Amino acid sequence: MRAALVGIDFGQGDFAASVEELNLLARSAGAEPVTVITAKRSAPDAAYFVGSGKADEIGQAVLADRVEIVIFNHALSPAQQRNLEKRLNIRVLDRTSLILDIFAQRAKSHEGKLQVELAQLQHLATRLIRGWTHLERQKGGIGLRGPGETQLETDRRLIGERVKALRARLAKLRKQHETQRRSRNRTQTFSISLVGYTNAGKSTLFNAVTKAGVYAADQLFATLDTTSRRVYMNEEVGHVVLSDTVGFVRELPHQLVAAFRATLEETIHADLLLHVVDAASPVRMEQIEQVNLVLREIGADHIPQILVWNKIDAADLEPSVERDEYDKISRVFVSARTGVGLDLLRGAIAEWAKDAPGARLQQPSYQTEEELEEVESSPTLTDVGSH
């Protein structure tokens, strides 16, 4: 599907990196960006977000490049989206809808699909318009007044009922996760969650450490289903549990954070976070801050972190370990793709696990892979962005 990308520079952050990320998001969704339209503004236009003149420029690009969809790198209000679609006579998507569409394509597990559907319905509820458009030409007449409003009320009621049902099912799954965590806590197994910006290489790192064989590809949100694995560190530490978690992105839609709160709680209950950073990215510091913003939002900012600078082979860095003023390991430089520095990372995990207060570091009682999967795996949402 041929797409036109629209980005407006409001003078905040790295605009070029933001537009490049929109390009990656569009390609991840299956679109083919054929033109990019940018502009500078001090504030969004109330009617069209970009102003009527820029909207006409977009319309000309749509005709010239045979564009089939216009994608904005911003969150549009329902009115702005409707106005643009009427003026351009083409489908318009905002950033939130684009990310929701990618998540809908990638969700494989039952819980992942439920969470995506809930987020989509919550987003759709603000964008319902009057239905039964074939009657709009009928402005009066007995029996022809108000059918659109009636259909709108019906749609809202149906969406409300579906949202209520989805929340109930997700609440049940949340209780199952709590049971899994209690089983894990009984063995006092040290638990670690991988977090990071999407496509930082979390799943490649997860595979390298656990040999799990999780699907990894060089695209945003390659897959969304989480996997937890028990990993043997050494004789002193024994086993730890390593879990992949959702990949973050700048301006992560609020609906996603709300719908996936049960999934993100896997992060809240971890003993240690491995914050994976793309060392080769020119905006890595901004990405680190974006991840920390989401962690603060879900109440996971108090959990100790090790910054794992991944892709050092692409950044011309050497494998190494850095410590903070308390002599605790704070950064590890590795390449998940080549395996360089992974021994340093395993040593850092073992050191943190050994020093963890109250941790009984020994092999859990779950001996078989089937028993481990039953207790440790959580079919929740995650990013498996690759190196």
Side-chain angles (χ1 to χ4, degrees), residues 100 103-104 106-123 125 158-195 206 210 212 214 223-231 239-248 252-273 294-303 356 358-360 364-384:
L100 286 171
F103 275 46
R106 306 287 162 77
K108 302 298 181 185
S109 71
H110 175 61
E111 183 175 11
K113 291 177 181 178
L114 291 180
Q115 290 176 117
V116 170
E117 184 182 353
L118 176 59
Q120 286 180 314
L121 287 176
Q122 290 173 327
H123 184 62
L158 292 175
I159 287 178
E161 291 174 354
R162 181 59 179 166
V163 166
K164 184 177 179 181
L166 287 172
R167 284 177 171 162
R169 292 166 70 178
L170 286 170
K172 184 177 180 180
L173 289 169
R174 184 175 179 176
K175 289 183 179 179
Q176 293 177 2
H177 292 328
E178 291 174 354
T179 301
Q180 293 170 353
R181 281 194 289 267
R182 283 197 298 270
S183 299
R184 189 182 308 163
N185 291 337
R186 280 198 296 270
T187 66
Q188 295 181 323
T189 308
F190 191 79
S191 63
I192 305 161
S193 287
L194 286 169
V195 299
F206 184 80
T210 66
V214 171
T223 184
L224 302 178
D225 297 311
T226 224
T227 306
S228 295
R229 287 291 185 269
R230 186 178 57 173
V231 184
H239 287 80
V240 300
V241 172
L242 184 63
S243 300
D244 212 351
T245 60
V246 65
F248 301 146
L252 189 67
H254 178 72
Q255 293 94 332
L256 290 178
V257 176
F260 306 147
R261 186 165 294 276
T263 297
L264 296 171
E265 283 183 355
E266 289 295 318
T267 302
I268 298 174
H269 293 280
D271 298 306
L272 176 67
L273 301 180
V294 179
L295 291 175
R296 280 196 291 272
E297 184 173 350
I298 64 175
D301 54 326
H302 66 284
I303 302 173
R360 188 182 70 216
S365 58
Y366 318 116
Q367 299 297 324
T368 68
E369 188 69 21
E370 291 76 13
E371 291 172 319
L372 176 64
E373 287 297 318
E374 180 180 353
V375 175
E376 301 295 359
S377 290
S378 305
T380 48
L381 203 77
T382 187
D383 159 52
V384 202

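We count residues from 1, following the sequence as given. Here the structure is a predicted model, which is why all the values come from computation and not from measurement.
Here Ile303 contributes atom CD1 and Ile192 contributes atom CD1; the two are 12.0 Å apart, rounded to the nearest 0.5 Å. Of the inter-residue distances, the one linking Arg169 atom CZ with Lys172 atom NZ reads 9.5 Å to the nearest 0.5 angstrom. With rounding to the nearest 0.5 angstrom, the CG atom of Leu273 is 6.0 Å from the OG atom of Ser193.
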Worked verdict on Asp271 versus Val240 for side chain to side chain contact (heavy atoms under 4.5 Å, CB included): CA-CA 10 Å; Asp271 298 306; Val240 300; over 6 Å; no

One pair to check against side chain to side chain contact (heavy atoms under 4.5 Å, CB included): Val116 and Lys113. What are the steps and the verdict? CA-CA 5 Å; Val116 170; Lys113 291 177 181 178; 5.8 Å; no

Stepwise side chain to side chain contact (heavy atoms under 4.5 Å, CB included) test for Phe206 and Arg229: CA-CA 9 Å; Phe206 184 80; Arg229 287 291 185 269; 3.9 Å; yes

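Residues meeting the side chain to side chain contact (heavy atoms under 4.5 Å, CB included) test with Arg167, sequence neighbours left out: Leu118, Gln122, Val163.
Taking every heavy atom of both residues into account, Gln120 and Leu100 meet most closely at NE2-O, 4.0 Å.
Under the 4.5 Å side-chain criterion, counting only non-hydrogen atoms from C-beta, Val294 is not in contact with Val195.
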